[in-house]
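Worksheet: one structure, shown below.
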Amino acid sequence: MIDKLEMFIALARERHFGRAAEDCGVTQPTLSAAVKQLEDQLGVMLVRRGSRFQGLTPEGKRVLEWARRIVGDARSMHQEMRAAKHGLSGHMRIAVIPTAMAMVNELTGPFFDKHPNLTFSILSRSSVEILSLLENLEVDAGITYLDNEPLGRVATVPLFTEHYRLVTIEGAPFADRESVTWKEVATLPLCLLTPEMQNRRIINHHLAAAGTNVAPTLESDSMIALFSHVRTGRWASIMPHKAVEIFSGWSEVRSVPITNPEASHSVGLVAAYREPYTPVITAFLDEARRHARKESG
């Protein structure tokens, strides 16, 4: 039953029998047969079929909620028994908004020191993608904004408050200023994150509140790409202070606080709400709380 539910979750996520089968490491006929057996066991139709996947039935959507819960609990049980025997081990998947990538090591470093049998995958994703990945059990935790858009049913640990900087190079307009306004920043040729990123929506909101709009001449979903273009001197950017810190060694780069008003947003750890949590998630939430106390203290 657990294997069938895993395949059903993959089908709901991928919306394609072939891709779902590939994701589960089985053939398409095997996945189709598993879903059909699940329907026969439950006595309801779960999937609308034609020549291809056409969506879930109302019953299928309800079963999907149960499937995520049951599969999540089964994984928690296996992890708890493994931890009882071997200590914390396994592989942890963390999805992170690009602007918080620079601080992830502040959590994973101390956590790895305490639990060296763990391995990690760190994925750069938008805030919307992070919540979807958590819901579909594709990642164990995320680092994202906590106060700008609805999060749904997740556990949260605030990590730091994000403040914004004009990022430019020595000799460029406003580079020698102690602060700059949002309206002034809008007069510069800007490179910014792509529109699906929540950081970009935040920046657009603050620029609009200042009575101005901006059409950046370059967009990217990579902070490194933005920094490399700022260094050419042709562009400036708006970035959170945490993201700027990792590039502070570049002597020509200037970071100027944006005020009038000074905007701030909370960034933190999120994990799908579940009782009990897996031992790894419980320990990682504790690590995040220790980090937050250190930041605030």
Side-chain angles (χ1 to χ4, degrees), residues 96-104 106 124-130 142-151 158-268 295-296:
V96 186
I97 54 174
T99 55
M101 272 290 183
M103 63 74 56
V104 182
E106 297 174 20
S124 178
R125 295 291 186 270
S126 70
S127 57
V128 172
E129 289 174 321
I130 289 171
I143 297 177
T144 187
Y145 293 99
L146 301 183
D147 60 359
N148 196 54
E149 294 180 357
L151 292 175
L159 295 174
F160 65 91
T161 300
E162 191 172 84
H163 301 279
Y164 303 94
R165 302 287 187 267
L166 166 66
V167 183
T168 187
I169 63 167
E170 186 178 10
F174 308 127
D176 59 348
R177 294 271 294 271
E178 292 187 3
S179 65
V180 67
T181 68
W182 288 94
K183 197 162 190 175
E184 288 171 327
V185 169
T187 65
L188 301 174
L190 293 174
C191 58
L192 299 174
L193 286 174
T194 47
E196 76 274 9
M197 296 295 178
Q198 192 173 165
N199 171 265
R200 173 65 181 281
R201 296 195 292 275
I202 288 171
I203 288 172
N204 287 350
H205 169 77
H206 290 301
L207 288 169
T212 184
N213 291 303
V214 64
T217 55
L218 186 146
E219 298 175 328
S220 175
D221 61 359
S222 165
M223 298 300 291
I224 292 177
L226 296 183
F227 266 105
S228 67
H229 283 84
V230 168
R231 292 185 73 195
T232 68
R234 296 180 179 90
W235 288 273
S237 190
I238 302 171
M239 298 183 183
H241 70 288
K242 280 282 186 182
V244 177
E245 286 175 0
I246 198 170
F247 298 98
S248 59
W250 292 352
S251 59
E252 74 273 26
V253 173
R254 296 290 179 268
S255 170
V256 183
I258 304 174
T259 59
N260 192 25
E262 182 174 350
S264 63
H265 292 274
S266 178
V267 175
E295 284 283 302
S296 62

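All values reported here derive from a predicted model rather than from experimental measurement.
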Work out which heavy atom in [X] is nearest to a heavy atom in [Y]; give both atom names and the distance.
| X | Y | answer |
| --- | --- | --- |
| Gln198 | Ser127 | NE2-OG, 2.8 Å |
| Pro158 | Ser266 | CB-OG, 4.0 Å |
| Ile97 | Ser126 | CG2-C, 4.4 Å |
| Leu159 | Met103 | CD1-CE, 4.1 Å |
| Ala100 | Phe160 | CB-CZ, 4.4 Å |
| Ser237 | Cys191 | OG-O, 2.7 Å |

Using the rule given for salt bridge (Lys or Arg N to Asp or Glu O under 4.0 Å), can you reason through Lys242 versus Glu162, listing the C-alpha separation, both sets of side-chain angles and the distance that settles it, and then say yes or no? CA-CA 7 Å; Lys242 280 282 186 182; Glu162 191 172 84; over 6 Å; no
Which residues share a side chain to side chain donor-acceptor pair (under 3.5 Å) with Ser264, sequence neighbours left out: none
Name the atoms and distances for all side-chain donor-acceptor pairs under 3.5 Å in residues 165-174, with sequence neighbours left out.
none

Tell me, with the steps shown, if Leu226 and Trp235 meet side chain to side chain contact (heavy atoms under 4.5 Å, CB included). CA-CA 9 Å; Leu226 296 183; Trp235 288 273; over 6 Å; no
Can you spot which of Ile203, Val185, Leu218 makes a side chain to side chain contact (heavy atoms under 4.5 Å, CB included) with Leu190? Val185
So if I apply the side chain to side chain contact (heavy atoms under 4.5 Å, CB included) rule between Ile238 and each of Leu192, Asn199, Ile202, which one comes out positive? Leu192
With sequence neighbours excluded, tell me which residues meet ring-ring contact (aromatic ring centres under 6.0 Å, His included) with His206. Trp182, His265
Residues which pass ring-ring contact (aromatic ring centres under 6.0 Å, His included) with His205, listed by chain and number, not counting sequence neighbours: none
Of all pairs that satisfy side-chain hydrogen bond (donor to acceptor under 3.5 Å, both in side chains), the ones with a partner from residues 218-228, not counting sequence neighbours: Arg200-Glu219
Can you tell me if Thr232 uses its side chain to pair, donor with acceptor, with the backbone of Arg234 under 3.5 Å? yes
So, does Arg201 use its side chain to make a donor-acceptor pair with the main chain of Glu196 at under 3.5 Å? yes
Could you label the plane-to-plane angle of the His241 and His163 rings as parallel, tilted or perpendicular, counting under 30° as parallel and over 60° as perpendicular? tilted
Validation row: Val267, Thr99 side chains within 4.5 angstrom (heavy atoms): no
Pro240 side chain reached by Tyr164 side chain, heavy atoms, under 4.5 Å: yes
Report the residues that fulfil salt bridge (Lys or Arg N to Asp or Glu O under 4.0 Å) with Glu184, sequence neighbours left out, ordered by chain and then residue number. Arg177
Between the OG1 atom in Thr144 and the CZ atom in Arg125, the distance rounded to the nearest 0.5 Å is 13.0 Å
